[in-house]
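We name chains A, B, ... by the order of the sequence lines, and we start the count at 1 in each one.
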There are 2 protein chains.
Amino acid sequence: MSHLDDLRLAVGEPHVLTGIDAAPYLTDWRERYSGRALAVVRPGSTDEVAAVVRACAAAGVPIVPQGGNTGLCGGATPDESGHAVVLSLQRLNRVRSIDPDNDTMVVEAGCVLQTVQEAAHGAGRLFPLSLGAEGSCTIGGNLSTNAGGTQVLRYGTMRELTLGLEVVTAQGDVWHGLRGLRKDNTGYDLRDLFIGSEGTLGIITAATLKLYPLPVARCTALLALASIEDAIGMLSRARHDFGASLTGFELMSGDCLASVVRCFPQQRLPFEGEAAALPWYALLELSDSESETHARERFETVLGEAIESGCVKDAVIAGSVAQSNALWHLRESIPLAEKALGKAIKHDVSIPVSRMTDFVRDTNHALQQAFPGIRNVVFGHLGDGNLHYNVAPGEGWTDASLLARQDDVFALVHDSVHAVGGSISAEHGVGQLKRDALVRYKEPVELALMRSVKQALDPLGIMNPGKVLAVTSR
Amino acid sequence: MSHLDDLRLAVGEPHVLTGIDAAPYLTDWRERYSGRALAVVRPGSTDEVAAVVRACAAAGVPIVPQGGNTGLCGGATPDESGHAVVLSLQRLNRVRSIDPDNDTMVVEAGCVLQTVQEAAHGAGRLFPLSLGAEGSCTIGGNLSTNAGGTQVLRYGTMRELTLGLEVVTAQGDVWHGLRGLRKDNTGYDLRDLFIGSEGTLGIITAATLKLYPLPVARCTALLALASIEDAIGMLSRARHDFGASLTGFELMSGDCLASVVRCFPQQRLPFEGEAAALPWYALLELSDSESETHARERFETVLGEAIESGCVKDAVIAGSVAQSNALWHLRESIPLAEKALGKAIKHDVSIPVSRMTDFVRDTNHALQQAFPGIRNVVFGHLGDGNLHYNVAPGEGWTDASLLARQDDVFALVHDSVHAVGGSISAEHGVGQLKRDALVRYKEPVELALMRSVKQALDPLGIMNPGKVLAVTSR
């Protein structure tokens with residue numbers, strides 16, 4: 001029997017795709033990565049996933065796990081060889097259970113994030129992970145890349161939102177680790193080892209997620225700021241005065257918002273005069289457990305003091321849900337405006353907040369020296385130290401001429417990130433895109449530890465080879 | 001040169017202890033475990049730790065890392081063979097740096113927890129880990145057992161409070177992983193693998209810890225409850241109405257508080273009549289970012305509604321710091337009263353909150369059936385599902401007659417915990433005490449994964465052998 005026959009036996013003939021049917025799984029959604037595969041298999045249960053892994057292990061065939069195929073680093077796209085099987089988790093899409101008293105839910109890896117959010121909401125609870133791709137990304141992908149988003153400041157990344165896992169190991173065994181416990185100190189933390197490992201150690205098939213109470217009210221404010229130092233001062237003040245009610249603190253450069261207003265004339269900055277022309281803006285969100293009135297009053301008190309102290313130049317507090325949405329829409333339009341104005345080179349970096357001012361000033365300067373005329377597009381989740389620090393074609397540049405220098409731009413920015421103790425991948429993972437950069441910035445001891453773990457859990461090297469770590473000959 | 005000479009070369013002669021000098025390190029503080037050792041070595045720096053590990057690896061000598069020696073499961077006590085070296089981290093006790101803008105601090109493993117709390121406070125920040133042994137336990141021990149305590153509900157366990165680690169590997173290399181980043185997705189989560197591994201994979205020498213704003217006000221209330229269901233109802237209500245301001249939710253049985261009042265007549269229950277004789281009480285703490293007045297008003301509103309709905313029978317809100325301390329003193333006196341009334345068999349378990357009612361009722365009943373007359377001592381951190389579910393000698397029992405049945409009591413309680421999806425070690429770890437029980441309750445796939453990780457990172461088997469996992473012949 002051929003390997004394809006084994007796969008058909010494992011998942012049923014209609015769920016082994018080849019040829020044109022397989023094509024959508026072989027290119028990532030941004031069309032940056034393309035590969036080939038022996039087949040795309042779509043198991044319908046954890047046992048079927050295990051059967052596929054056992055068949056592949058027996059045949060020495062590599063497996064590329066895939067969720068919603070919305071990754072940004074090529075982690076779910078096979079290589080060009082055509083030897084691998086793409087294992088899509090999309091049919092494992094059940095919300096298995098919700099336990100409101102324990103504030104947990106068990107969902108399968110193929111559940112779309114938005115479906116999970118809605119199921120939690122239906123049970124009167126909040127599942128707080130929130131990010132741009134939520135309508136199509138899956139929980140399995142969120143787990144494999146330890147996804148972040150806009151509410152990490154308050155609720156943490158996917159890692160902090162997960163209590164237990166069900167995993168198919170590289171040997172095709174099933175680990176039933178779906179515990180729903182806040183405290184459990186019985187042995188090694190295998191859960192966090194699989195989370196963030198991008199399918200290179202095993203396949204996550206389900207997870208127990210933490211739920212939170214729904215906030216009674218949400219309130220948003222936009223702040224105009226004279227400097228990044230003032231933004232950091234305001235972050236510290238907001239953390240102190242709002243405590244855990246502070247669920248968002250997004251930083252945006254004045255240039256970013258100017259681009260949004262230029263590209264989308266129906267949007268406007270709610271400031272006039274000097275406050276409309278400042279270099280930085282911040283979007284703050286409070287999630288209040290008391291009332292809308294209480295949230296607004298807190299904003300008024302704290303922002304009033306901040307304006308009086310000179311830390312904030314001006315502030316607008318949304319007076320309605322519509323106004324709040326309009327403020328968030330400004331923030332969310334930045335990537336769209338960026339796209340409309342030229343193909344940018346994107347960086348997803350994190351920086352200790354205390355080094356942020358130096359990092360932005362020095363890196364902006366170094367980029368202008370090396371690539372005169374480029375535009376800096378700087379925005380991100382300041383509360384987590386996470387910047388989307390992008391470099392766009394400006395005066396004297398075309399998309400093509402900038403793209404030709406992409407590796408040099410990466411190297412300059414990543415060197416600069418590394419020098420201040422930052423990370424070159426804050427929330428998007430490593431995949432293929434940053435695999436070789438990792439070797440440049442991680443010390444050999446850490447890489448050796450990672451390779452030991454990989455070798456221990458996947459001795460045949462069949463789990464998503466070439467992602468995160470290079471394939472090494474043994 | 002002998003191995004002892006190598007150790008003296010590595011750390012200096014005065015820091016290699018043998019004979020009577022070594023004795024305090026060879027018995028745990030509760031005097032439940034005693035062992036022997038070749039020597040106790042007290043390195044003064046990370047490089048000295050690495051030199052000791054390299055010398056031991058070369059000689060094939062096992063290493064037992066030790067912090068404040070306050071563990072509850074024998075994890076830091078060597079075995080009887082006398083072959084091992086105890087490696088005390090106590091001289092690595094510097095607070096290396098505090099970064100208030102980044103809300104982080106870097107401390108060495110031998111820092112006493114209270115010293116770390118005070119250093120954070122001195123910088124206007126909160127390090128929230130808080131537990132009974134905080135005056136003598138060390139951060140290294142807290143990390144190796146993933147310590148919990150009374151504020152996990154809001155701030156998480158040691159794992160959630162840690163951003164980066166410095167680790168000496170089993171080969172004597174140093175991994176410089178002291179990152180201070182909230183988001184970093186560049187490879188496998190080695191940090192969480194070392195945290196909670198009880199010194200069996202390597203030696204943590206320093207950590208980057210998360211800091212939080214100091215609360216503006218704290219407020220405490222004691223609630224009288226008719227049932228454990230009502231306590232769970234109140235927990236859900238408190239999580240919803242107080243949000244993240246809720247920093248403590250401790251459950252205590254009426255019997256526990258009666259014992260406290262009996263043993264310590266200067267303490268009293270602040271209730272009268274029916275409310276003084278209810279089966280359950282809960283201690284709630286709010287940490288408010290606004291004001292004392294706001295915290296009290298929130299308590300009054302929410303507890304007023306809870307009393308009206310019948311969920312709470314009576315409530316006392318502390319009117320001063322002294323009153324608040326008196327309420328906490330009741331809670332903290334439970335273990336002392338328990339000790340005064342006889343030697344109890346202790347369990348540190350966690351249970352999904354939704355299964356708590358069934359667990360307590362059914363296990364209390366089963367214990368009475370099997371061991372008629374024993375007393376149940378039930379208290380713990382309900383907000384985390386963590387119960388200290390202890391069994392004390394009652395009518396017809398002596399300390400000795402109960403102790404003789406210890407293994408049977410363990411088995412009954414742990415079977416019952418396992419049946420409802422709970423954990424047999426919530427916050428104390430495994431050490432020697434629960435190592436063999438682990439094999440009973442973990443599925444073979446999980447144990448095999450743990451053994452693979454152990455073998456990968458410590459192939460010589462010299463790191464704290466016989467703790468967490470049994471030594472296997474290879």
Side-chain angles (χ1 to χ4, degrees), chain A residues 99 101-102 145-146 148 152 157 160 169 173-177 179-190 192-193 195-197 213 232 236 239-244 289 350 352-354 384-386 421-427 429-430 438 443 445-446 449-450 452-453 455-457 468, chain B residues 99 101-102 145-146 148 152 157 160 169 173-177 179-190 192-193 196-197 213 232 236 239-245 289 350 352-354 384-386 421-427 429-430 438 443 445-446 449-450 452-453 455-457 468:
Chain A
D99 183 345
D101 276 341
N102 196 43
T145 57
N146 184 24
V152 172
T157 63
E160 281 98 48
T169 70
D173 295 320
V174 182
W175 171 42
H176 300 93
R179 295 185 273 258
L181 303 169
R182 263 82 187 165
K183 286 182 172 173
D184 175 28
N185 283 344
T186 53
Y188 303 154
D189 184 8
L190 300 171
D192 286 314
L193 195 54
I195 295 175
S197 68
I232 292 167
S236 177
R239 282 174 56 100
H240 181 269
D241 292 348
F242 298 132
S289 52
S350 65
V353 173
S354 51
D384 318 316
N386 180 192
S423 166
I424 64 164
S425 183
E427 55 176 8
V430 177
L438 219 62
E443 59 175 356
V445 173
E446 183 168 351
L449 287 167
M450 283 172 57
S452 301
V453 168
Q455 170 69 24
L457 298 195
V468 185
Chain B
D99 184 345
D101 276 341
N102 196 44
T145 56
N146 184 23
V152 172
T157 65
E160 280 98 49
T169 69
D173 296 319
V174 181
W175 170 42
H176 301 93
R179 296 186 272 260
L181 304 170
R182 263 82 186 164
K183 285 183 175 173
D184 176 27
N185 284 344
T186 54
Y188 303 154
D189 184 9
L190 300 170
D192 286 313
L193 194 54
S197 68
I232 291 167
S236 176
R239 282 175 55 101
H240 181 269
D241 292 348
F242 298 132
S245 301
S289 51
S350 65
V353 172
S354 50
D384 319 315
N386 180 194
S423 166
I424 64 164
S425 183
E427 56 176 8
V430 177
L438 220 59
E443 58 175 355
V445 172
E446 183 168 354
L449 287 166
M450 285 173 56
S452 299
V453 168
Q455 170 69 22
L457 299 194
V468 184

Visitor: When you measure from the side chain of B:N185 to the backbone N and O of A:N146, does any donor-acceptor pair fall under 3.5 Å?
Guide: yes
Visitor: Look up atom CG in B:L449 and atom CH2 in A:W175, then write down how far apart they are to the nearest 0.5 Å.
Guide: 7.5 Å
Visitor: In terms of heavy-atom pairs under 4.5 Å with chain A, which of B:G429, B:G180, B:S425, B:G422 leads?
Guide: B:S425
Visitor: So for B:T145, is it side chain, backbone, both, or neither that comes closer than 4.5 Å to the heavy atoms of chain A?
Guide: backbone
Visitor: Quick one: of B:V468, B:I424, B:N386, who has the most non-hydrogen atom pairs under 4.5 Å with chain A?
Guide: B:N386
Visitor: Ignoring hydrogens, what is the shortest heavy-atom contact between B:S423 and A:K183? Give both atom names and the distance.
Guide: CB-O, 4.2 Å
Visitor: Considering only heavy atoms, which portion of B:V430 lies under 4.5 Å from any heavy atom of chain A: side chain, backbone, both, or neither?
Guide: both
Visitor: Of the listed residues (B:V353, B:L181, B:D173), which shares the most heavy-atom pairs with chain A below a 4.5 Å separation?
Guide: B:L181
Visitor: Only pairs of heavy atoms separated by less than 4.5 Å count here; which of B:D101, B:V445, B:N102 has the most with chain A?
Guide: B:N102
Visitor: Which heavy-atom pair separates B:H240 from A:P213 by the least distance, and what is that distance?
Guide: CA-CB, 3.7 Å
Visitor: Chain A: which of B:E443, B:R179, B:R182, B:E160 shares the most heavy-atom pairs with it under 4.5 Å?
Guide: B:E443
Visitor: With a 4.5 angstrom heavy-atom cut-off, is it the side chain or the backbone of B:T186 that approaches chain A, or both, or neither?
Guide: both
Visitor: Can you say whether B:E446 sits under 4.5 Å from chain A via the side chain, the backbone, both, or neither, judging by heavy atoms?
Guide: both
Visitor: Going by side-chain contact (heavy atoms from CB on, under 4.5 Å), A:V453 matches just one of B:L457, B:V453, B:D189. Which one?
Guide: B:L457
Visitor: Looking at A:P352, A:G187, A:G243, which one has more heavy-atom pairs under 4.5 Å with chain B than the rest?
Guide: A:P352
Visitor: Using 0.5 Å steps for rounding, measure from the CG atom of B:D184 to the OG atom of A:S350.
Guide: 5.5 Å
Visitor: Mind ranking B:A426, B:A456, B:S452 by heavy-atom pairs under 4.5 Å with chain A and telling me who comes out on top?
Guide: B:A426
Visitor: With a 4.5 angstrom heavy-atom cut-off, is it the side chain or the backbone of A:R239 that approaches chain B, or both, or neither?
Guide: both
Visitor: Which atoms of B:D99 come close to chain A, meaning under 4.5 Å heavy atom to heavy atom: side chain ones, backbone ones, both, or neither?
Guide: side chain
Visitor: Heavy-atom distance under 4.5 Å to chain A: side chain of B:S197, backbone, both or neither?
Guide: both
